[in-house]
Amino acid sequence: MPLFTDLLVPSLVAVPLFVGTNADDLVLLMVFFADPRTRFSTVLTGQLTGMAVLTGISIIAARLTLQLPVIWIPLLGLIPVALGLWMLRVSFTSPNAATPAPALGWWSITVVTVANGSDNLGAYIPVFAVQSAAGFAMIAVTFGLLTLAWCELAHWLVRHPAQGDAVQRITRRTAPFVLIIVGLWILARHPSWRELLGR
């Protein structure tokens, strides 16, 4: 019975934890899938790798009872800002303004996932701090399965038989701005900005 509890409870905790902290990831996934050249496997690999990095950092920090420095975490927002500006530059310098920027690789999707999920560490670390080894494993597996479900949902929305073309067209046009806004939102959490705004 204790073993069953050790396996079931972490899984039940992981579901609302993932959904609550990764709702904004659906928008980014739709941005990635809006490019018809982007393979499902590429996005899934990037998302799984990004989630694995975030989960790994959370487990290590929980085990060592580390307090991650809040100074550098928001600086990860520079990554999606840079990607968004790059996509804008390519679209403006292309002979055909409708020509999309080159498709992102799995590694680009990974860094955006890590940057966007950096704020989730504050929620993940306390949860991992009270888990056993079995609990770690069950949460990691649950996160992996939910990441697959998130990718499937975003892919379905973009490729929907009736609305897919419109969603794809709108998402592709707004993709650079979405990345820039997400990056600025992450940067806005830096203590320096908060102190400046507080004044």
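Please read all numbers here as calculations on a predicted model, not as lab measurements.
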Can I get a per-line list of side-chain donor-acceptor pairs under 3.5 Å for residues 18-34, giving both atom names and the distance, sequence neighbours left out?
from, atom 1, to, atom 2, distance (Å)
T21, OG1, L17, O, 2.6
T21, OG1, F18, O, 3.4
T21, OG1, Y124, OH, 3.0
N22, ND2, F18, O, 2.9
N22, ND2, Y124, OH, 3.1
D24, OD2, N116, ND2, 3.3
D25, OD1, N116, ND2, 2.7

Same apolar cluster (I L V M F W Y, side chains within < 4.5 Å links), I57/W107: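 They do not share one cluster, since no chain of ILVMFWY contacts under 4.5 Å joins I57 to W107.
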L78 reachable from L184 in the ILVMFWY side-chain graph, under 4.5 Å edges: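 Yes, it is one cluster - the side chains of L184 and L78 are joined through contacts under 4.5 Å.
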Working for side chain to side chain contact (heavy atoms under 4.5 Å, CB included), residues L88 and I180: CA-CA 10 Å; L88 276 179; I180 291 171; 3.8 Å; yes
Measure the [atom1]-[atom2] distance between [X] and [Y] for me, rounded to the nearest 0.5 Å.
X    : Y    : atom1 : atom2 : value
T55  : F128 : OG1   : CZ    : 5.0 Å
T110 : W106 : OG1   : CH2   : 5.0 Å
I125 : S58  : CD1   : OG    : 5.0 Å

side-chain contact (heavy atoms from CB on, under 4.5 Å) against V13, all qualifying residues, sequence neighbours excluded: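 Scan of V13 (side-chain contact (heavy atoms from CB on, under 4.5 Å), adjacent residues dropped) gives V9, V127.
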All N/O donor-acceptor pairs, side-chain side in residues 139-149, below 3.5 Å, sequence neighbours left out:
from, atom 1, to, atom 2, distance (Å)
T142, OG1, M138, O, 2.7
T147, OG1, F143, O, 2.7

Name every donor-acceptor pair, under 3.5 Å, that has one atom in a side chain of residues 40-48 and the other anywhere in the protein, sequence neighbours excluded.
from, atom 1, to, atom 2, distance (Å)
T45, OG1, S41, O, 2.7
Q47, OE1, T113, OG1, 2.6

